[in-house]
S.K.: 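Okay, here's the structure, questions in a sec.
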Amino acid sequence: MTESNRLRIAIQKSGRLSTESQQLLKSCGVKFSINEQRLIAHADNMPIDLLRVRDDDIPGLVMDGVVDMGIIGENVLEEEQIERQTLNKPADCLKLRQLDFGSCRLSLAVPTEFSYADASSLEGLRIATSYPNLLRRFMQQKGITYRDCMLKGSVEVAPRAGLADGICDLVSTGATLEANGLYETEVIYRSMACIIQSTQTQSPTKQALIDKILSRVNGVIRARESKYILLHAPTETLDQIVALLPGAENPTVLPLNDDTNRVAIHAVSTEDLFWDTMEQLTALGASSILVMPIEKMMG
Ligand code: ATP
Ligand code: MG
C-alpha cells in the first residue's frame, strides 16, 4: 500500500539542509517531533508525513511520485534531472519556489600551482566531481573535452592524491579548498534550496494542502526578509526620512503627544535596515529608532 491520504514531504535526514527544512515547516505551523531512529515523522496537527532521507534521494522520490513534495538543493535537483533525462526515466517535477537557505556554488578548482587561464586550460585533463552531469553540461557548452573522475565524497583531496588534475565541487566560503591547496577558478552553477512538488499529485485535498503550505512558506520568507521599523522624525525632514526606508513607500505617520514638530513613523521595510542608513536617519533628526523582526506576514 504505497498510496496515502497524508501529504508526504521528503526532507534531508541530516546535513546542511535538515535543520532549516524542519524549521521552515515548523514556522508554517506543521507540528512534529523527530525521532532520530525513524524514517517517518507524522505531523500532529495536519495530515502530513515527513520522510527523512539522504538528500540525493529526494528529487527521484518526488519525480517518481512516491512523495508529494520535497525540500532540496537546486544543484542536486538539476543533477538528478539531467541524469534521468539521459536514462529516459521520469524527470519532471514542479519547482514551487526557491527558498532562503542552502546557498552554495558549484565551482571548478585547481591546485595553487596550476596556471589557469580559462576553462579550456582543463582540456584533456581529469576532473573529480560528484556532479558529473552539471559538469558535462558546462564543459559541452564551452566545447571542452575532459576526463571524468566520479567521487561521491572527498572530492577536494583528489588532486593531491594524484587522482585528478582539478575538481568540480560545492563551495560556500572557499575554506575547504584553501585547506587542500586548491583555488576556485570558475563558478559553473549557483544554488539555493528549493521546494518541489510531484507532477503526479492528483487528490484535490492534497493539492489544497500543498497550496496552503506554499502560501505559508511565502509568508514566512517574506517576514524573514522584512523588518518593522519605528522612529520619531521631525516633520520638516519627513519626506527625506521616508525615502531612506527601503521598500516602505506608505508608512503610517502618527502625531506625538505635546510635540507638533515631530511625528512617529511605523513602517514595514522589505529589507534590513543597515547601520549606515540608521546613521543617515539620525543625521536627518530621527530619534528613537527601533528595528524589529517580523514573525509572520500574510495578505
Ligand atoms: P546526505 O547525507 O543527505 O547525502 P550530503 O553530504 O550529500 O548529505 P550536505 O553536505 O548536507 O549533503 O549538503 C546538502 C546540500 O546543502 C548541498 O547539496 C547544497 O545544496 C547545500 N549546501 C550549502 N552549502 C554547502 C557547502 N558549503 N557545501 C556543500 N553543500 C552545501
Ligand atoms: Mg547527498
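Side chains included, hydrogens not; waters and symmetry mates left out as well; all remaining heavy atoms used. Remember, it's 1-based here, ligands and their atoms both numbered in the order they're listed.
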S.K.: Among the N, O or S atoms of Asp56, which one sits nearest to the Mg ion (ligand 2)?
M.R.: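 In Asp56, the N, O or S atom with the shortest distance to the Mg ion (ligand 2) is OD1.
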
S.K.: Check whether any N or O atom of Arg54, backbone or side chain, sits under 3.5 Å from an N or O atom of ligand 1, and answer yes or no.
M.R.: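 Min N/O separation from ligand 1 is below 3.5 Å for Arg54.
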
S.K.: With a heavy-atom distance limit of 4.0 Å, tell me whether Ser103 approaches ligand 1 through its side chain, its backbone, both, or neither.
M.R.: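 For Ser103, only backbone atoms sit under 4.0 Å from ligand 1.
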
S.K.: Within a distance under 4.0 Å of any heavy atom of Leu17, pick out the atoms of ligand 1 and give their elements.
M.R.: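 Reading through ligand 1 atom by atom, the close ones are 15 (C), 16 (O).
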
S.K.: Does the side chain of Tyr116 reach to within under 4.5 Å of the side chain of Leu108, using non-hydrogen atoms?
M.R.: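 A side-chain contact under 4.5 Å exists here.
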
S.K.: Quick one: report the N, O or S atom of Asp55 that is nearest to the Mg ion (ligand 2).
M.R.: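 Atom name returned: OD1.
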
S.K.: In this structure, are over 12 heavy atoms from other groups packed under 6.0 Å from Arg190 atom CZ?
M.R.: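 For Arg190, atom CZ is not crowded (no more than 12 foreign heavy atoms under 6.0 Å).
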
S.K.: Quick test: of every protein heavy atom, which one is nearest to atom 8 (O) of ligand 1, and how far off is it to 0.1 Å?
M.R.: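 For atom 8 (O) of ligand 1, the nearest protein heavy atom is Gln12 NE2, 2.9 Å.
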
S.K.: For atom 30 (N) of ligand 1, what's the nearest protein heavy-atom neighbour? Residue, atom name and distance, please.
M.R.: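 Checking every protein heavy atom, the shortest distance to atom 30 (N) of ligand 1 gives Leu170 CD1, 3.3 Å.
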
S.K.: Any atoms of ligand 1 less than 4.0 Å from a non-hydrogen atom of Val76? List them with their elements.
M.R.: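 Reading through ligand 1 atom by atom, the close ones are 18 (O).
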
S.K.: Tell me the nearest of Val171, Asn75, Val53, Ile72 to atom 18 (O) of ligand 1, using heavy-atom distances.
M.R.: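 Looking at heavy atoms only, Asn75 sits closest to atom 18 (O) of ligand 1.
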
S.K.: Between the side chain of Gln12 and the main-chain N/O of Leu17, is any donor-acceptor distance below 3.5 Å?
M.R.: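 Looks like yes, one N/O pair under 3.5 Å.
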
S.K.: For atom 13 (O) of ligand 1, find the nearest protein heavy atom and state the residue, atom name and distance (0.1 Å precision).
M.R.: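 In this structure, atom 13 (O) of ligand 1 has Arg16 CB, 3.8 Å as its nearest protein heavy atom.
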
S.K.: Flag the pair Tyr189 / Glu79 as yes when at least one side-chain heavy-atom distance between them is below 4.5 Å, and no otherwise.
M.R.: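 They are not in contact (no side-chain heavy atoms under 4.5 Å apart), so the answer is no.
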
S.K.: Looking only at non-hydrogen atoms, which of Leu106, Thr176, Asp55 approaches atom 7 (O) of ligand 1 most closely?
M.R.: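 Ranked by closest heavy atom to atom 7 (O) of ligand 1, first place is Asp55.
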
S.K.: Evaluate the side-chain proximity of Ile72 to Asp55: yes if any heavy-atom separation is below 4.5 Å, no if none is.
M.R.: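 Counting from C-beta outward, Asp55 and Ile72 do come under 4.5 Å.
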
S.K.: Does a side chain donor of either Asp276 or Gln280 reach within less than 3.5 Å of an acceptor in the other side chain?
M.R.: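 Their side chains do not contain a donor-acceptor pair, so the 3.5 Å distance test is not met.
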
S.K.: With a cut-off of 4.0 Å, which atoms of ligand 1 are near a heavy atom of Gly73?
M.R.: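 Numbered from 1, ligand 1 contributes 20 (O).
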
S.K.: Indicate whether any N or O donor in one side chain lies under 3.5 Å from an N or O acceptor in the other, for Thr145 and Glu123.
M.R.: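 Their side chains do contain a donor-acceptor pair, which is all the 3.5 Å distance test asks for.
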
S.K.: What's the shortest distance from atom 27 (N) of ligand 1 to any protein heavy atom, and which residue and atom give it?
M.R.: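 The closest one turns out to be Ser172 OG, 2.6 Å.
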
S.K.: Do the non-hydrogen side-chain atoms of Met63 and Lys89 ever get within less than 4.5 Å of each other?
M.R.: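 The answer is no; the side chains never approach within 4.5 Å.
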
S.K.: State the atoms of ligand 1, each with its element, that fall below the 4.0 Å cut-off from a heavy-atom position in Gly15.
M.R.: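 The list of qualifying atoms is 11 (O).
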
S.K.: Indicate whether any N or O donor in one side chain lies under 3.5 Å from an N or O acceptor in the other, for Arg262 and Ser287.
M.R.: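 Indeed, the side chains of Arg262 and Ser287 share at least one donor-acceptor pair under 3.5 Å.
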
